[in-house]
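Right, one structure below, let's go through it.
In what follows, every heavy atom counts, from backbone to side chain, and hydrogens, waters and symmetry copies are set aside.
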Amino acid sequence: MSAGVRQESREAARPGAPRRLRLPVLLTLLVVRAGVGYRLVLLLADAPPTNSDEATMGLAALHIARGQDFPVWFHGQAYMGTLEAYLAAPLLALTGPSVLALRLPTLVLYALFLLLTWRLTRRLGGDRWFALLVVGFLAFGSDRIVKNQLIAGGGYPELNPAGVALALLTLDLCAGRAGARLPRWAAWGLISGLMLWVDPLLLPYIGGTGVVLVAWRRRELAGRAGIVTVAATLLGAAPMLLDSLRHGRDPFTAVLTASGGDAAAGWGERLHGGLVLGLPLGMGFCSPGHCATWQLWWALAFPVLLLLAALSAWRTLRAPAPASAAPERSVGAAVRLALLVGAAAVLGAYVLSSAAGRTPVESARYLSCLAVATPALLWPLRAATRAGRGPARVAAVTVLAAILGTATVATAAAVRTVPAIHAEADRHRALVDTLDELGVRHVRAGYWTCNRLTFASAEDVVCAVVDDDLRPGFDRYPAYRRAVDADPGAGWVAPAGSPLAARLDQRVGPDTGDLAAVPVEGWRIYLPR
């Protein structure tokens, strides 16, 4: 019997022998499929709801696909790069205007984020069960989370996979992994440069991992590695740098202005919006559009976990490593600390902005890249459940249960909104079809109607923005206004029951009115008599 056991062991160790997936790895693959599948079902049901900002990115992708224009920035502003438009352009060249085609690259980015996070968690020293827990948490999708991950409105879907990739590359380079080192340096620089162009929200993580690289590999950076890294960074940021030199624009100042840096908001409002509401909203613990009181518990747990995780990483980093310990132990602690400092910097920058005080529900998207630090943030729970005793283990299990339970409730609340979102998308498709049947090619409408309508019609209907008093509004693409103003027969479009519709209804009448109204479910079209 013992000989048989030894023979079986030797056969299992053969390099060519098939390896069976361990249970936590198999469960992780199922969770990844569930997370991606859930989001694909949402996309097929027109959720999350699209808007004119996303349509602006879609129009940029259409123009790129046609070779008509190659924009550097989101139309109408001097910040937020158009990487999403370039990723979607090949698909839109095949399908024409389609929200689904516009979002398929963001779905791929989300899947990549899950896989990279699993790998990062394992490389940091987490076991397979802890990696499963991290991926399981990130597979949930509340209202705010799926909007950040799937809407191609500029910047947010790229941030998380890029941040995790930077951390993984930093581990590889600092742990002394042989082979393909220059390509790894180039990849780190290229990703950093691209993210500086796309959205500087990731700058704290770029800086944190950069400090780790300098601390561990300064001699290597003094040679070819440094030249390659700088060159790749400049290449990734080239669209931003060339545009800044050409037009004298400063995208970082534009970002600060857009985030509310020049607006008034009290410190009480900023602290409440940033720390109390922002954290649960930004990390997926709240229902659509608001946070119930009980869902705010994460605002208390987050700073505690952040502090404990930072102390744990610092102690590991400062403790003398045993002679037999792998270099990844100290490097992993340094990368964990860099991620935690990056997360604290992201949160601090958000609290400093007036957007946290003025529009916390919507601006919580600025905290989307806190998810990059999830493996490091949850590290104390891993330690407490493995080595803790008594109260520590009970507290850790309680927090884990609360995390998964709250995320489940928030995800279920997002799912309940899908039928209404799908119905609204059907009404918008009916609006586009009706305008086509009427032969309407130029209209005026509100901001949140205009570019969405233009994108959905493949620019067969061109729209100029007006406010509720019929005055010209903010046109992200000025050529549309010129086309509309040149057409004396341009119509109007307004959501039924909106202030704009009420104003236009005053111009409808059989005798004195100069407009005729054509009702479509959820909408009203106004045509000149």
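- Using a 4.5 Å heavy-atom cutoff, the side chains of T82 and F70 are not in contact.
- Residues K147 and D143 are paired through a salt bridge, judged by an N-O separation under 4.0 Å between the basic side chain and the carboxylate.
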Listed pairs under 3.5 Å, donor-acceptor, residues 331-350 side chains, sequence neighbours left out:
| unit_1 | atom_1 | unit_2 | atom_2 | d |
| --- | --- | --- | --- | --- |
| R336 | NH2 | S312 | OG | 3.3 |
| Y350 | OH | S363 | OG | 2.9 |

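- Partners of C369 by disulfide bond (SG atoms under 2.5 Å apart), not counting sequence neighbours: none found.
- For residues 94-106, the salt bridge (Lys or Arg N to Asp or Glu O under 4.0 Å) pairs, not counting sequence neighbours, are E54-R103.
- Listed by chain and number, the residues in a side-chain hydrogen bond (donor to acceptor under 3.5 Å, both in side chains) with E424 are R452 (sequence neighbours excluded).
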How far apart are the C-alpha atoms of F285 and F140, what are their side-chain angles, what is the distance that settles it, and do they pass the ring pair (Phe, Tyr, Trp, His ring centres under 6.0 Å) test? CA-CA 10 Å; F285 289 91; F140 287 103; 9.4 Å; no
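- Counting heavy atoms from C-beta outward, N160 and Y205 have side chains that stay 4.5 Å or more apart.
- Judged purely by atom type and a 3.5 angstrom limit, S52 uses its side chain to pair as donor or acceptor with the backbone of Y447.
- Between S98 atom OG and L91 atom CG the span is 9.0 Å, to the nearest 0.5 Å.
- Both the sub-6.0 Å distance and the 45° axial angle are satisfied by R39 relative to the ring of Y110.
- Remark: side-chain polar atoms of Q77 are not paired, donor with acceptor, to backbone N or O of F74 under 3.5 angstrom.
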Side-chain donor/acceptor pairs under 3.5 Å, residues 402-411, sequence neighbours excluded:
| unit_1 | atom_1 | unit_2 | atom_2 | d |
| --- | --- | --- | --- | --- |
| T406 | OG1 | W297 | NE1 | 3.0 |
| T406 | OG1 | A402 | O | 2.7 |
| T408 | OG1 | L404 | O | 2.7 |
| T411 | OG1 | G141 | N | 3.1 |
| T411 | OG1 | A407 | O | 2.8 |

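- Annotation for R33: atom CZ does not count as buried by contact number, only 12 or fewer foreign heavy atoms lying within 6.0 Å.
- Between V361 and H290 the shortest side-chain heavy-atom distance does not fall below 4.5 Å.
- Looking at heavy atoms from C-beta onward, L23 lies in side-chain contact with W129 at the 4.5 angstrom threshold.
- Within the structure, salt bridge (Lys or Arg N to Asp or Glu O under 4.0 Å) contacts touching residues 285-303 (residues at least two apart or in different chains) do not occur.
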